[in-house]
Every structure is written in C-alpha cells, then in structure tokens.
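Here the structure comes first, spelled out in structure tokens, and everything after it is commentary.
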2 protein chains.
Amino acid sequence: MAVAGATSFSAANISERAALPPALALSTVIFALRPSENSGRPTLWLPLVRRIREPFKDLWALPGGPLTQADSLQDAAARNLQETTGLAPNYLEQLYAFGGLHRSPSQRVVSIVYWALVQSTQADLAQETENVKWFRADGLQELAFDHNEIVDYALWRLRNKMAYGSIAYHLLGETFTLAQVREVYEAVLNRSIDPANFRRQLKQAAHIEATDEFLQGGKHRPPRLYRYTGERQGEQPGSLFSAH
Amino acid sequence: MAVAGATSFSAANISERAALPPALALSTVIFALRPSENSGRPTLWLPLVRRIREPFKDLWALPGGPLTQADSLQDAAARNLQETTGLAPNYLEQLYAFGGLHRSPSQRVVSIVYWALVQSTQADLAQETENVKWFRADGLQELAFDHNEIVDYALWRLRNKMAYGSIAYHLLGETFTLAQVREVYEAVLNRSIDPANFRRQLKQAAHIEATDEFLQGGKHRPPRLYRYTGERQGEQPGSLFSAH
DNA sequence: CCAAAAGTGTTACCTATACACCCATGA
DNA sequence: TCATGGGTGTATAGGTAACACTTTTGG
C-alpha cells in the first residue's frame with residue numbers, strides 16, 4: 001500500500017486514489033507536564049512514535065491507529081492511546097477531523113484526532129522505548145503527515161481552554177497547591193501570573209475545595225493542598241453546560 | 001442495506017455490524033434567519049430533508065450524504081449542502097465527528113458534521129419541496145438518527161460563537177444596519193439587548209466599517225449602513241488567530 | 001533573625017450596564 | 001408637532017491587574 005516518494009503525484013496516481021474508499025484513522029495529541037532540561041520548571045511535553053514503515057519512515061508521528069470496531073470514537077481513542085503509549089488519560093476530548101486530500105501520499109486517510117491530558121506521575125511511568133519518546137511541545141521538529149499542523153492546533157485549543165475553562169487540574173494529581181496550578185498556567189500560557197490575584201480567581205470561580213492537609217518538605221511556609229471537585233472526563237456534545 | 005425495526009438488536013445483528021467497515025458520511029446543520037410566523041421578528045430556522053428510505057423512513061433529518069472522493073471535507077460539505085438544498089453557505093465550519101456505535105440501526109456510520117450560516121435572501125430563494133422544508137430551530141420534533149442531539153450541539157456552538165466571536169454578519173447581507181445586527185443577536189441568544197451599549201461594543205471591537213449609505217424606506221430616521229470587513233469563510237485549524 | 005514563599009488587603013483602572021438625553025425622519 | 005427608532009453622553013458597579021503588606025516556615 002505504501003508507494004514511492006512523498007513529494008509529487010502522477011495523474012495515474014490521483015485517479016487511483018479516487019477509486020479507493022477513504023480510510024478512517026484515529027490519532028491523539030497527548031500533553032503532560034515535565035521538568036524542562038534547563039530550568040527544571042514544568043513545561044509541556046508530548047509523546048510521539050517513530051514510523052517504522054513508509055510513508056514517512058523514521059519520522060516521528062502522533063500515536064494512532066485504525067478505528068476499533070467495538071468502541072465509540074472516544075473509547076477507541078482511549079484504548080488506542082493505552083496500547084501505543086501505555087498512558088491512561090485524565091482528560092480526553094475530540095479535537096478535529098482532518099480530511100485533506102493529500103494528507104497521506106498513498107491511500108486517502110481521514111483522521112479523527114483527539115487530544116488528551118495526563119498527569120506528570122503517569123507520564124514518568126510511561127516507558128520510553130526506541131520507538132516512543134517524549135518531546136517538548138514547542139519548537140517541534142518536522143513530523144510525519146500533517147502532524148505539525150495538528151499539534152499546533154491542539155496547542156491552540158489547550159491554551160484557549162486553559163485561559164477560560166477549568167482544565168489545568170487534569171495535568172495535576174489528586175491534591176495540589178494553588179502555586180502548582182499557577183505553574184501549570186504559566187507553563188502552558190507561557191507568561192508569569194500574579195500569585196495573589198490568581199489564587200483569588202481560582203477560589204471563587206473554579207470547582208476546588210480546600211483539604212486539611214499541607215504540603216510538607218518545602219523550604220518555606222507549607223502551602224495548603226486543594227482537591228478538584230469538577231468533572232473528570234473531557235467535554236462532549238452531550239454535556240451542554242460548561243462555559244466554553 | 002436497510003433492515004428491520006430500529007429499536008432492538010439481536011446478537012447476530014451486532015456481530016454482523018462488527019464485520020462491516022464503518023461508513024463515513026457528511027451532514028450539515030444549516031441556520032438562517034426568517035421571520036417568525038407570529039411576531040414577524042427574525043428567528044432561527046434550519047432546513048431538513050425527509051427520509052424516503054429505511055431506516056427512519058418519513059422522519060426528517062439533516063441534509064447529508066457520502067464523502068465525495070475528490071473534495072476536502074470542507075469542500076465536500078459545501079458541495080453536498082448545495083446539492084441537497086440548493087443553498088450556498090456564507091459561513092461553514094466543522095462541528096464534530098459523531099461515531100457512536102448505534103447511531104444507525106443497520107451499518108455503523110461515522111458522521112462528520114458541519115454547521116453553516118446562510119443569508120436570509122438565500123434562504124428565501126431556496127426551494128421548499130415535498131422533501132425539503134424549513135423548521136424553527138427551537139422546539140424541534142423528533143428527528144431521524146441522533147440528529148436532535150446534533151442540532152442541539154450546533155445551537156450551543158452557534159450561541160457560543162455569537163456571544164464572543166464576530167459571526168452574526170454571516171447571517172446578513174452585504175450591508176446592514178447596526179439594529180439588524182442587534183436583531184440577530186437577540187434572535188439567536190433569545191434575550192433583548194440595550195441598543196446604545198450594543199452599538200458601541202460593535203464599533204470598537206468588531207471588524208465593520210461605515211458606508212456612506214443609509215437605509216431608506218423606514219418609518220423613522222434612516223439608519224446608517226455598515227459593511228463587514230473580516231473573514232468570509234469559517235474557522236479552520238490553519239487560521240490560528242481568531243479569539244476563540 | 002533573615003530569606004522567601006504563602007496568603008491578605010487596598011487601590012487604580014477598565015469595561016459592561018443602565019438610563020437620560022438629543023437627533024432626524026414620516027406621517 | 002408628535003411618535004419613534006437612531007444615535008450620543010454619563011454615572012455606576014463589578015471585575016482585573018498592580019503591588020504593599022502580613023504570616024509562617026527552614027536555615
């Protein structure tokens with residue numbers, strides 16, 4: 001099924017494409033926070049898999065696969081994510097259906113793409129193999145297919161949701177300090193935020209509750225731990241309540 | 001391909017489903033403003049097509065069809081919309097990919113759904129036939145498949161975009177008065193808006209310019225006509241600039 | 001006691017809202 | 001001239017950003 005060089009197409013090639021039914025595939029953009037190599041501050045990373053076949057052999061690509069028959073799109077995305085990277089997502093939402101004519105040089109492929117958030121602890125457990133590796137989300141190298149464009153769009157959506165919705169918690173564990181939430185915002189939105197104002201906004205708007213515990217072991221005054229009380233899963237058409 | 005009653009499934013039926021590859025379909029939720037039957041004030045309407053075959057024979061459904069091979073998803077949606085209803089959309093954007101297991105009682109179908117806005121003038125031209133008819137967008141009767149859910153989601157998205165983005169102009173013609181824009185907002189968001197404040201918000205935030213013309217023929221002081229200067233097409237992943 | 005993060009208080013500014021008011025036109 | 005929608009001005013409230021200040025820990 002894989003053919004020739006990925007750059008140009010003959011007329012014969014095009015008419016051959018028109019005869020085949022478009023294939024349906026699922027891919028997922030997975031985000032997690034990991035410490036930066038330099039500063040050690042949390043930054044956005046995502047796992048990619050190496051292509052071991054043409055087309056785009058040896059380039060890195062989003063994890064994905066065919067649509068499993070017995071699952072809904074959402075379930076199939078979660079299952080596929082688990083099988084290719086070993087990760088269990090904390091948040092999963094449909095991103096977009098990409099269906100340009102020449103996304104793949106061989107057969108025409110329509111990809112339904114999801115995006116996911118996983119906790120840092122999860123991400124650390126995930127095995128890095130020869131063919132699965134984490135990359136920083138910004139300044140990514142050239143990827144297979146149109147996956148650079150897809151990652152850019154996912155990043156845009158993530159930042160949008162972060163700025164308005166209450167999504168940051170899905171990158172954190174069961175309990176967290178308000179400073180940690182702030183660090184998530186700063187890492188994703190790539191700008192510093194006033195701690196005083198930020199904590200107030202969180203405590204009034206978002207769905208969190210204070211616990212009786214404090215994070216010990218720091219150098220300074222131990223901060224209080226909080227817990228997220230909102231929805232755990234991603235946004236879906238069924239749930240028409242979330243503001244954005 | 002069409003089989004049996006739409007309500008329950010035998011085990012044999014299910015395993016048969018699993019063997020077939022999922023079909024890929026396109027549908028579109030089309031919105032236009034038309035005067036209400038009672039008040040004459042503009043309200044939201046959408047065109048539906050009558051099912052002439054099982055499943056769901058004689059119920060109304062969203063216009064749609066298979067993915068044409070030679071077009072991108074966006075182009076295929078526009079073409080399909082043209083062929084089924086005769087309408088040319090002023091705005092077209094992908095809504096969601098619906099892929100639940102039992103959306104269709106026969107074969108499994110994954111529908112990539114778009115939503116569109118057309119001008120009232122267009123909508124008036126569009127021929128109402130035995131099998132194509134306009135309905136008020138709220139309080140819709142029972143539709144085929146999961147199309148009620150899809151329309152609800154499209155309505156939610158429309159209202160969201162309307163409240164933030166600059167989308168209302170796509171329901172209007174080349175030139176328009178600020179009062180007409182306000183009527184669009186009032187019709188879609190279903191609440192009255194202060195004319196004075198609304199005009200100020202528009203004139204500073206949105207991409208419109210004043211023309212030298214005034215709308216004549218009204219009962220009172222002729223209002224100035226404005227023109228939209230922003231983008232004409234829908235939002236797509238390529239264009240990562242629009243706020244929301 | 002000092003440094004630094006946790007957490008609180010205060011103020012300036014910006015923008016959405018409410019509403020009083022003037023303007024221009026048809027009848 | 002009157003009624004009415006078009007269009008402008010202005011005061012008020014609510015929320016965000018900036019930053020001074022207090023609190024609490026480790027060293």
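Residue numbers begin at 1 in each chain, while the letters A, B, ... track the order of the sequences.
- One atom, CD1 of B:I193, and another, P of C:dC19, lie 16 Å apart when rounded to the nearest Å.
- Within a 6.0 Å radius of CD in A:E37, more than 12 heavy atoms belonging to other residues, nucleotides or ligands are found.
- Residue A:L215 contributes atom CG, which lies 14 Å from atom C1' of D:dT24 at whole-angstrom precision.
- Around atom CZ of A:R136, more than 12 heavy atoms belonging to other residues, nucleotides or ligands sit under 6.0 Å away.
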Could you list all N or O pairs between the protein and nucleotides 2-5 of chain C that sit under 3.5 Å apart?
none

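- Summarising the geometry, the separation between CG on A:L202 and C1' on D:dT16 is reported as 14 Å, rounded to the nearest angstrom.
- Put simply, CZ on B:F198 is 12 Å from P on D:dG6, counting in whole angstrom units.
- B:F135 has its ring centre less than 6.0 Å from the ring centre of B:W60.
- Rounded to whole angstrom, the span from the CZ atom of A:R224 across to the P atom of D:dT24 amounts to 12 Å.
- A side-chain contact (heavy atoms from CB on, under 4.5 Å) with A:V113 is found for exactly one of A:T28, A:I150, A:V151, namely A:I150.
- Rounded to whole Å, the distance from CZ on B:F176 to C1' on D:dG6 is 16 Å.
- Computed from coordinates, the A:R199 CZ to D:dC19 C1' distance equals 16 Å when rounded to whole Å.
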Below 3.5 Å, can you tabulate the donor-acceptor pairs from side chains in residues 86-97 of chain B to any protein atom, sequence neighbours excluded?
from  : atom 1 : to     : atom 2 : distance (Å)
B:N90 : OD1    : B:R232 : NH1    : 3.2
B:N90 : ND2    : B:Q119 : OE1    : 3.0
B:N90 : ND2    : B:H170 : O      : 3.3
B:Y91 : OH     : B:E93  : OE1    : 2.4
B:E93 : OE1    : B:K161 : NZ     : 3.2
B:E93 : OE2    : B:R157 : NH2    : 3.1
B:E93 : OE2    : B:K161 : NZ     : 3.4
B:Q94 : OE1    : A:A97  : N      : 2.8
B:Q94 : NE2    : A:A97  : O      : 2.9
B:Q94 : NE2    : B:Y114 : OH     : 3.3

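- Between B:E130 and B:R50 there is a salt bridge, with a side-chain nitrogen of the basic residue lying less than 4.0 Å from a carboxylate oxygen of the acidic one.
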Is there any protein nitrogen or oxygen under 3.5 Å from a nitrogen or oxygen in nucleotides 16-18 of chain C, and what are the pairs?
from   : atom 1 : to     : atom 2 : distance (Å)
C:dA18 : N7     : B:N197 : ND2    : 2.8
C:dA18 : N6     : B:N197 : OD1    : 3.0
C:dA18 : N6     : B:R200 : NH2    : 3.3

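- Distance B:K203 NZ to C:dT15 P: 18 Å, rounded to the nearest Å.
- Screening A:R227, A:K203, A:R224 against A:E209 for a salt bridge (charged side-chain N to carboxylate O under 4.0 Å, His left out) leaves a single residue, A:R227.
- Using bins of under 30°, 30° to 60° and over 60° for the plane-to-plane angle, the ring pair B:Y169/B:Y228 lands in the parallel bin.
- Between B:T43 and B:R34, the side chains place no donor N or O within less than 3.5 Å of an acceptor N or O (distance only, hydrogens not considered).
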